[in-house]
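Reviewing the structure listed below.
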Amino acid sequence: MANAKTEQMAVKAILGGTFNPPHQGHIGAALSAADKLGIQDVYLMPCKLPPHKSVDVTQAHRVNMIALCCEHNQRLKQELIELSLPSPSYTVKTLRELRKSNSDTICFFIGADSLYNLDKWYEWQQLLDYCHLVVMRRDDEVFSPPSSVSSWLNEHVATDSNVIYKLSHGKVLLVETPLFPISSTELRASLSSNASSDVQLRSDTNINVSNWVSNPVLEYIKENQLYKS
Ligand code: ATP
């Protein structure tokens with residue numbers, strides 16, 4: 001059962017991901033969710049990439065790109081704990097480790113697509129033993145998880161967002177964040193198809209990379225020749 005406390009609790013917001021590369025979908029959605037919950041800082045927490053997901057971008061590059069995001073937005077911080085844990089990355093194990101060293105309530109942010117696949121995550125039903133889950137919109141639809149997740153969700157969903165300041169863990173908040181229709185996959189495809197030129201417009205999808213990736217990160221990508229096919 002969640003641990004109820006009378007005084008207002010300190011809350012640490014964490015967005016885990018591959019950040020390959022980090023984009024405005026990650027940052028805009030997470031900051032908007034944080035605003036709605038009254039949270040100042042959002043910690044970006046890169047995971048290790050499984051070997052089969054390798055796209056020639058080292059962990060160091062992903063960390064450097066996250067560092068650039070944080071340098072240019074004071075509300076963003078880095079949380080690198082997952083990189084020091086044994087492979088592969090499992091969110092539940094990371095949260096368990098974070099709990100050991102941290103007394104703050106953890107709000108773990110995920111996109112709606114992650115919620116819909118949550119039952120594929122390692123020990124997914126234990127996630128709420130360590131955190132609240134904050135779900136950000138990823139598409140135009142109202143939140144509509146598959147049946148494998150929906151009864152669990154109904155059991156744990158909270159309607160009052162102040163719950164994060166009263167309970168240390170155990171709730172799911174569905175937050176109506178603005179839509180940011182972008183993914184790292186699309187950006188990698190776009191960057192790789194335009195790797196040889198300065199033009200960031202990909203004609204078949206009309207993705208303008210510079211609309212979604214901050215200038216410092218885009219410069220870093222160019223300097224280090226990342227995502228070239
Ligand atoms: P990829 O396309 O490589 O799978 P991604 O763009 O989905 O990557 P991740 O780093 O895997 O990004 O995502 C980390 C977290 O951020 C996930 O919970 C994901 O759902 C969420 N997220 C990613 N992009 C968005 C977005 N545009 N809007 C809201 N949430 C997002």
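Whatever order the structure lists ligands and atoms in, that order sets their numbers, starting from 1. Position 1 is the first residue of the sequence, and the numbers go up from there.
Interface atoms of ligand 1 facing Thr185, defined by a heavy-atom separation under 4.0 Å, are 1 (P), 2 (O), 3 (O), 4 (O). The Met136 neighbourhood of ligand 1 comprises atoms 30 (N), with distances under 4.0 Å to a heavy atom of that residue. Atoms of ligand 1 found under 4.0 Å from any heavy atom of Asp113 (numbered from 1 in listed order, with element): 19 (C), 20 (O). Close contacts between ligand 1 and Ser114 involve ligand atoms 17 (C), 18 (O), 19 (C), 20 (O) [criterion: under 4.0 Å to a heavy atom]. Close contacts between ligand 1 and Arg137 involve ligand atoms 28 (N), 29 (C) [criterion: under 4.0 Å to a heavy atom]. For ligand 1 and Gly17, the ligand atoms under 4.0 Å from any heavy atom of the residue are 10 (O), 14 (C). Near Ser184, with a cut-off below 4.0 Å to any heavy atom, the atoms of ligand 1 are 1 (P), 2 (O), 3 (O), 5 (P), 6 (O), 8 (O), 12 (O). Atoms of ligand 1 lying under 4.0 Å from at least one heavy atom of Ile110, given by number and element, are 18 (O).
In this structure, Ser150 has no side chain to side chain donor-acceptor pair (under 3.5 Å) partners at least two apart in sequence or on a different chain. In this view, Tyr130 and Arg96 satisfy the side chain to side chain donor-acceptor pair (under 3.5 Å) rule, not counting sequence neighbours.
Note on ligand 1: Leu15 sits in its first shell, one or more heavy atoms being nearer than 4.0 Å. The shortest separation from a heavy atom of Gly16 to ligand 1 is under 4.0 Å, placing the residue in contact. The closest approach between His23 and ligand 1 falls below 4.0 Å for a heavy atom of the residue. Residue Arg188 places a heavy atom under 4.0 Å from ligand 1.
Between Gly111 and ligand 1, at least one pair of N/O atoms sits closer than 3.5 Å. Checking only distances, Phe180 does come within under 3.5 Å of ligand 1, N or O to N or O. Backbone and side-chain nitrogen or oxygen atoms of Ile182 are examined, and one is located within less than 3.5 angstrom of a nitrogen or oxygen of ligand 1. Looking at Phe19 next to ligand 1, an N or O pair under 3.5 Å apart turns up.
Side chain of Arg137 to main chain of Thr177: a donor-acceptor pair is present (N/O by atom type, distance under 3.5 Å, no hydrogens or angles). Within the 3.5 Å criterion, the main-chain N or O of Cys47 finds a donor-acceptor partner in the side chain of Arg62. Under the 3.5 Å distance criterion, the side-chain polar atoms of Asn224 are matched with a main-chain donor or acceptor of Tyr220. Distance alone, capped at 3.5 Å, places no donor-acceptor pair between the Lys171 side chain and the Ser168 backbone.
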Begin with the C-alpha distance, continue with both residues' side-chain angles, and end with the deciding distance and a verdict on side chain to side chain contact (heavy atoms under 4.5 Å, CB included) for Phe108 and His132.
CA-CA 6 Å; Phe108 191 74; His132 299 299; over 6 Å; no
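Thr94 pairs in a side-chain hydrogen bond (donor to acceptor under 3.5 Å, both in side chains) with only one of the listed residues (Arg99, Glu82, Glu79), which is Glu82. Applying side-chain contact (heavy atoms from CB on, under 4.5 Å) to Arg188 and the options Ser192, Ser184, Ser190 leaves one that passes, Ser184.
Residue contacts with ligand 1, taken as heavy atom pairs separated by less than 4.0 Å, involve Ser183 via backbone and side-chain atoms alike.
Remark: the Glu186 side chain and the Ser183 side chain contain an N/O donor-acceptor pair separated by less than 3.5 Å.
A ring-centre distance under 6.0 Å is found for His26 and Phe19.
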